[in-house]
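The figures here come from the full heavy-atom set of this structure, side chains too, leaving out hydrogens, waters and symmetry mates.
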Amino acid sequence: MPTLRPQPLQATTLLRWAGALVCATLTGCASLPSAVDRPVSTALAQPENTRLGALVAARALQAGTRNDSGFALVGDAQQAFSSRMALIQAAQKTLDLQYYAIFADDTTERLFAALRDAAHRGVRIRILLDDFNTSGKNTQVLKLAFEKNIDLRLFNPLPGGRGSMALRVLSNLKDAARMQRRMHNKMLVADNAVAISGGRNLGETYFGQSKDSNFIDIDMLASGRMARELSRSFDQYWNNPLAYPVESLMTVQEIEALKPPPEPVAADAATTPPSPPALPETMDLASFRWTLQLMGQAQHTLLIVSPYFVPGERMLKAFADLRRRGVQVRVLTNSLASTDAPAAHVGYARYRKALLGLGITLYELRAEQQGTFRRLGASALGSGMGGSRASLHSKMVVVDGHWLVVGSMNLDLRSQLQNSEVAIVVRNGAIATEATRLVEPTLAHGAYRVELQDQRLLWHAPPGAAFSDATSEPDASLGLQFFTTLIAPFAPDEML
């Protein structure tokens, strides 16, 4: 598990003082239980004795490889949903889920129903969830812990009430350094044979089902040895003292008491967005790529896709070294208008001119796709259905057109210093090329190219685009621009 370092002393001390003040004004600050029963469990020992395991072995034999690590990109939102559903439905022995956030909505309820069905047929289910987002409506996700054959643990839980995220965060400011250490990993492993991992959490905005805004994201299906490596990582987190069984923190009655009242439905409510397509019962591994080696160092080209891109001084020096060696570096990140984290954009904006000065090519996603979102979503990292607003959430690196990294880690200092993360690294020219082809349409049609002219930033619209160039943060309101300017002095890179 990665070492998680605390934030700078000055910021930590300030937050602790604020937390102590909040605690003094509240009825009291809760603490975590000291004596917790955590039965140790591990991944399925013989995945080859399951249907999925046998299918992986047969496909590897058919491909003529001695290594059973297979990979397939998942860039479409519907495919991302149906892949998870297919794995849940195909599992015979075990299912392990590890996520930073699981949101309670209609889309995840379909996944929960499939998990309950799997549990009823005897599948052992372990769910490890970071605790930061388990408040308000999302508290209802925790009821899964009380289902037969389902164990749910919360990683690094925050003591205190769950009715309000704001009050919960305020009451934990006294221990701000610990509160910021989040488990950002995302994976689902079926029968220790096939896994899916990448940038997606579980919720409607990650599967193209939101009526307002959807994340553009990417996952990777992995089979064989790589799936077993992911399971090994899962076991380390699951059996860690920071993983608390839900039953040690609250009762099902306490969770039920936090259930929000049903939302009123307006008479003229918009039509419900279409549901994902019919879901397959088993996985077809025929399209998997089969590979073996580890990632090397960039010599020619580097393509980075990261929604939050805060390089910091060390990464800036690394980029300078790459450029001195003639490596072409392209970066796709969110614009201020498309990001869901304006504070993170503040950190990125600090380095924008320096990055451009090094000769790095910067692209910023355009939030409003003006009717082309469905087409862009189908080809460019595949957000799929839903509203017209897009927000980049994919985390991907392509090195020299031959190495591919897909995972949960943003290229920012918070991910490097605070979070734990997971990534899959593949050396395979065909799959690296496929990943690049997924990104190219967005660079060509759905993003601004940022340039530096006379020390002033200029955002170039793609050739033939229906929108124009810009000389300030494009599509961002004056209020949003003022907000980021206001918070900039109080947002150190390490916290972004």
What pairs with [X] under ring-ring contact (aromatic ring centres under 6.0 Å, His included), at least two apart in sequence or on another chain?
X    : answer
H393 : Y206, F215
Y308 : none
Y244 : none

Where W238 and L128 come nearest, the two heavy atoms and their spacing: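 Scanning both residues, the minimum pair turns out to be N-CD2, 3.8 Å.
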Using the test salt bridge (Lys or Arg N to Asp or Glu O under 4.0 Å), find all partners of [X] that sit at least two apart in sequence or belong to another chain.
X    : result
R84  : D219
D131 : R162, R168
R228 : D68

Charged tip of R366 within 45° of Y448 ring normal and under 6.0 Å: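 No, R366 does not lie over the aromatic ring of Y448.
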Name of the residue among Q98, E421, R200 meeting side chain to side chain donor-acceptor pair (under 3.5 Å) with S408: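 Of all the options given, the one that passes is E421.
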Short side-chain donor-acceptor distance under 3.5 Å, H300 and D400: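 Side chains of D400 and H300: no pair found under 3.5 Å.
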Aromatic ring pairing H345/Y348, orientation class (parallel under 30°, perpendicular over 60°, tilted between):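 Ring orientation, 0 to 90° scale: perpendicular.
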F483 atom CZ, over 12 foreign heavy atoms within 6.0 Å: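 Atom CZ in F483 is not crowded, with 12 or fewer foreign heavy atoms closer than 6.0 Å.
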Over 12 foreign heavy atoms within 6.0 Å of CG, D106: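 Atom CG in D106 is not packed in, count stays at 12 or less.
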Check ion pair D321-R325 (N to O, under 4.0 angstrom):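 Here D321 pairs with R325 in a salt bridge, since their nearest N and O are under 4.0 Å apart.
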Residues E229 and R232 bridged, charged N to O under 4.0 Å: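 So E229 pairs with R232 through a salt bridge.
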